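Data block below; observations after.
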Number of protein chains: 2
Amino acid sequence: MGTAERLIEATRELLRERGYVGTSPRAVQRRSGVGQGSMYHHFDGKPALALAAVRRSAGQLRAAAEADPGGEGSAAERVRAYLRRERSVLRGCRIGGLARAPDVVADPELRRPLEETFDRLRGRIAAVLREGRERGEFTASLDPAATAATIVAVVQGGYVLARSAASPDPFRQAVEGLIALLDAHTTA
Amino acid sequence: MGTAERLIEATRELLRERGYVGTSPRAVQRRSGVGQGSMYHHFDGKPALALAAVRRSAGQLRAAAEADPGGEGSAAERVRAYLRRERSVLRGCRIGGLARAPDVVADPELRRPLEETFDRLRGRIAAVLREGRERGEFTASLDPAATAATIVAVVQGGYVLARSAASPDPFRQAVEGLIALLDAHTTA
DNA sequence: GTCTATAGTTGGATAGAC
DNA sequence: GTCTATCCAACTATAGAC
């Protein structure tokens, strides 16, 4: 694994564990085993390091999102599969977790991957819902875009509840509650 | 306003603006106008300061939660009122925002107010839903506890989406999507 | 109770040798 | 490309005077 590679991976780990503010270039050096001079040779500083890490995480999340509801089954089944997908609930979302950091939100370049990721995710889910509605799987009253936002919000909010409770239970509960609500819109 | 009072309020502001890691005793001193020695006379250090601030915020959120769905109207109306309540969406939730900080989650004393707040909030909403179901407002298939978790998660997740987009729109959308889903369970 | 002084550590980065 | 040296500000707190 190349040097830049190791730096990016170490930064991704630290961003997830300690957040943006809690992640220091020093810690990245220790975690990656890369020296000071070497690190600053490859990256300008903390924001540059974070940008590379965030871009990679965003790319991976996007890829996973496009793979997942791309599977077979009815639209409702695909949404359920997305909601019940295995997640390390207590560690939280690599992308959503950064939305709390003022430095991230204030920097347009750092914030953009967050916005794009959630935009695409909502768009992807909305497309599945729309398709399902057109096939008569859902009642006509279901609003694909709004419902997609709800679905993504439940996942992100589930992380918050789970961490607050130090247990994945509230996450699961929120997800199952949503699935039950969606079922009422299903005409199968 | 007393000295301790000013310290707590300054800490609450900073916790919201900068998070736990980003909030330093120094900044609290500057914001509150209280000197170094004075601050350490009243509070042991950063965790003690944060604990006092978090407890107060938790108490206020709890009070608001008990006042809000205690209003008149059907259960569905009360839930809608809660979901549409005015919020400073881009600033995020004082309590939920802290769930990202490892230092908060790792400290049982600091985490407890978060857990309690969300437990009570879910309990309160579940009670409203249960009442509504018993009065025949909702279909029998509606699970009060799970649905309450979903409702709270949508709000918390809405904050995340809004901050990522630097716009309150995704929050509103997620909330309206949820309301539409709930309507399908309403027998009115 | 409040103030000033002090102190060790980390953060975030630059400079220049190799 | 990588290493070591160096830098200054901020963090978090303690000590002791008033």
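Keep in mind the model is a prediction, meaning the values are calculated, not measured. The sequence lines fix the lettering, A, B, ..., with proteins before strands; numbering per chain opens at 1.
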Pairing residues for B/Phe118 by the ring-ring contact (aromatic ring centres under 6.0 Å, His included) criterion, not counting sequence neighbours: none

May I have the distance from B/Arg26 (atom CZ) to C/dT10 (atom P), rounded to whole angstrom? 16 Å

N/O donor to acceptor pairs below 3.5 angstrom from side-chain atoms of residues 90-108 of chain B, sequence neighbours left out:
{"residue": "B/Arg91", "atom": "NH2", "partner": "B/Ser88", "partner atom": "OG", "Å": "3.4"}
{"residue": "B/Asp107", "atom": "OD1", "partner": "B/Glu109", "partner atom": "N", "Å": "2.9"}
{"residue": "B/Asp107", "atom": "OD1", "partner": "B/Leu110", "partner atom": "N", "Å": "3.4"}

By the side chain to side chain donor-acceptor pair (under 3.5 Å) test, which pairs, at least two apart or in different chains, include something from residues 141-154 of chain A? A/Thr139-A/Ser141

My understanding is that only residues two or more places apart in sequence, or in another chain, count here; which of them pass salt bridge (Lys or Arg N to Asp or Glu O under 4.0 Å) with B/Arg62? B/Glu116

Enumerate the residues from residues 10-24 of chain B whose closest heavy atom to DNA chain C is under 4.0 Å, giving them by residue number; use none for an empty result. none

Sequence neighbours left out, what pairs pass ring pair (Phe, Tyr, Trp, His ring centres under 6.0 Å) with at least one residue falling in residues 139-164 of chain B? B/Tyr159-B/Phe171

Residues 44-54 of chain B side chain polar contacts: donor-acceptor under 3.5 Å, at least two apart:
{"residue": "B/Lys46", "atom": "NZ", "partner": "B/Tyr20", "partner atom": "O", "Å": "2.9"}
{"residue": "B/Lys46", "atom": "NZ", "partner": "B/Val21", "partner atom": "O", "Å": "3.4"}
{"residue": "B/Lys46", "atom": "NZ", "partner": "B/Thr23", "partner atom": "O", "Å": "2.9"}

Identify, with sequence neighbours excluded, every residue that meets salt bridge (Lys or Arg N to Asp or Glu O under 4.0 Å) alongside B/Arg30. none

Listed by chain and number, what are the side chain to side chain contact (heavy atoms under 4.5 Å, CB included) partners of A/Arg133, not counting sequence neighbours? A/Arg130, A/Phe138, A/Pro144

Shoot me the first and last contacting nucleotide of DNA chain D against chain B, ordered 5' to 3', at under 4.0 angstrom to non-hydrogen atoms. D/dC11 to D/dT14

Kindly indicate whether the side chain of B/Arg31, heavy atoms from C-beta on, has any atom under 4.5 Å from the side chain of B/Glu17. yes

Just to be sure I understand the geometry, which residues of residues 31-46 of chain A put a non-hydrogen atom under 4.0 Å away from DNA chain D? A/Gly35, A/Gln36, A/Gly37, A/Ser38, A/His41, A/His42

Under the side chain to side chain contact (heavy atoms under 4.5 Å, CB included) test, residues paired with B/Glu176 that sit two or more places apart: B/Arg84, B/Ile179

